[in-house]
Visitor: 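The structure's right below; bear with me while I get my questions together.
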Amino acid sequence: MQKPENSKSADLGGGAAPSSKRVCILTFGCQMNEADSENIAAAFRRRGYELIDDLKKADAVVVNTCTVRQRAEDKAISQIGRLRKWKLARPEGKLFVVGCAAQKLGSKEIKNRFPFVDEVVGAKAIEQFEDSLIAQLGPSPDTETIHQNLFRSPQTAYVTIMRGCSLKCSYCIVPAVRGPAVFLSADAILQDAAAKIKSGAKEIVLLGQTVNAWRGGRTTFSELLKKVLDLPGLERLRFMSPHPLYFENDFTALLARENKLARYMHLPVQSGSDRILKLMRRGYTRGEYLALLARLRAAVPDLAVSTDFIVGYPGETEADFIDTLSLIKEGRFSLAYCFKYSPRTEKPEMAATISGPVMQARLEKVLAAVKTNSRVILNERIGKIEEVLFETENYGRASGNFACRVKAGGTPGRLLNVLVAGADKNTLNGKVL
Ligand code: 5AD
Ligand code: SF4
């Protein structure tokens, strides 16, 4: 799921070895980047570094960049620019620029523009980040893998199951910067998940750009889900983000059967217009997408579905846009992330054709429609019982990914039934049963 392009700095998880050295990691973009940042943090921790939020006190800084839209890239780049001051104040400090924008722009351009950057590691080489650390800081005395969780509540852990993407959506830069799809082995995935559960995770989120495209020899995605579901100690399993093309028949049966599989899915649709979907090379029609939703909801009637929309795709007419607006209601989305089209290539046919004001007006309309629709979907939950995984005494997430508040009675790390009494913006309110 794509979130707004703000950076997240690591929260200070416990367990850092006492050290005089500190690292600050600034992460832009999606959950894949967050998961990469966790691995980077583990590599620093093996060298005794403590993770901190405060840039000014850092001996090393990592900027993990995004380039999915121009705005995301610009934000990461201006962050690097602002680090000039940090480097001046601390010339011995090490600055690493990593991730998708680093891959797109290349080491040469980044070092030309920002000569104070010490190392550039593109998204395709992110698994070799350790080599850059060795180059800058020397080898680590400790080779142990640290399973940790930096950006979320301690009971949720990310497990990357695939990297890259082999689809060719016309607007998307991800396949170019992350490369074609590569699947991790079932054994490696299960080991990672089991270790994270052992360190306290109750909820696992399997990650990949087209996560349900995963295959491991003859093992299907659903079979992998089943293996993860069988790990002792796991309370809930999520995955992000699936692609409509890759759901196999065995999935709906699993979803219907397995309560620990979250009653939620983020299933990006991008547009409600068949003409635009075809231009985008999404591989499905509006009707096929809706038929898939119907199939999933036949298995789990209260399944919550969120999505992504792009408005202002080149050549998008008013009629195409109206098709997108109508899909919001028809798809019964609980939430949708909406983006203005951002050209990611120089190809003339991919240049933006919709004027800025029209693009903005469409974005505002789609956001308003999503807001109205979300309220309807949320209100439907009033009077129902939701299974909530609590993060604090008062707050947790329902299986359908709705935020849920109670006055008292929540136990962090536990799944409890909550009777929903009301809904407010994006949050359900209720009482622990
Ligand atoms: N312009 C606008 N939005 C984009 N996305 C991906 N590429 C672009 C682009 N060029 C959006 C899609 C995707 C989400 C991660 O980002 O909606 O699902
Ligand atoms: Fe994530 Fe890279 Fe896509 Fe940004 S461009 S959303 S970091 S995969």
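Predicted model, so just to flag it, every value in this text is computed and none were measured. First listed ligand is number 1; within each ligand, the first listed atom is number 1.
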Visitor: Restricting to pairs with a member in residues 111-120, which pass salt bridge (Lys or Arg N to Asp or Glu O under 4.0 Å), not counting sequence neighbours?
Guide: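 Sorted result for residues 111-120: K87-D118, E109-R113.
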Visitor: Counting each atom of ligand 1 from 1 as listed, which ones have a heavy atom of D308 under 4.0 Å away?
Guide: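 Contacts of ligand 1 toward D308, numbered from 1: 13 (C), 14 (C), 15 (C), 17 (O), 18 (O).
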Visitor: Give yes or no for whether the N/O distance cutoff of 3.5 Å, strictly under, is met between R69 and ligand 1.
Guide: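 So ligand 1 has an N or O lying under 3.5 Å from an N or O of R69.
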Visitor: In terms of atom number and element, which parts of ligand 1 are under 4.0 angstrom from non-hydrogen atoms of V68?
Guide: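 Answer for ligand 1: 6 (C), 7 (N), 8 (C), 9 (C), 10 (N).
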Visitor: From the options T317, T285, D320, select the one residue that forms a side-chain hydrogen bond (donor to acceptor under 3.5 Å, both in side chains) with S273.
Guide: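 Single pass found, and it is D320.
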Visitor: So, is R344 polar-close to ligand 1, with some N/O to N/O distance under 3.5 Å?
Guide: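 Between R344 and ligand 1 (N or O atoms, distance only) the closest approach is not under 3.5 Å.
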Visitor: Just let me know how F339 lines up against ligand 1, side chain, backbone, both or neither, with a heavy-atom cut-off below 4.0 Å.
Guide: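 Near ligand 1, F339 shows its side chain, while the N, CA, C and O stay back.
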Visitor: Applying salt bridge (Lys or Arg N to Asp or Glu O under 4.0 Å), which residue pairs with at least one partner in residues 286-298 are found, sequence neighbours left out?
Guide: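 For residues 286-298: R286-E330.
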Visitor: Measure up the F221 and F239 rings against each other and bin them: parallel (under 30°), tilted (30 to 60°), perpendicular (over 60°).
Guide: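 Correct class here is perpendicular.
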Visitor: At less than 4.0 angstrom from any non-hydrogen atom of Q270, what atoms of ligand 1 do you find?
Guide: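 Close to Q270: 12 (C), 13 (C), 17 (O), 18 (O).
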Visitor: Is any NZ, NE, NH1 or NH2 atom of the basic residue among R215 and E223 found under 4.0 Å from an Asp or Glu carboxylate oxygen of the other?
Guide: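 No, this pair does not count.
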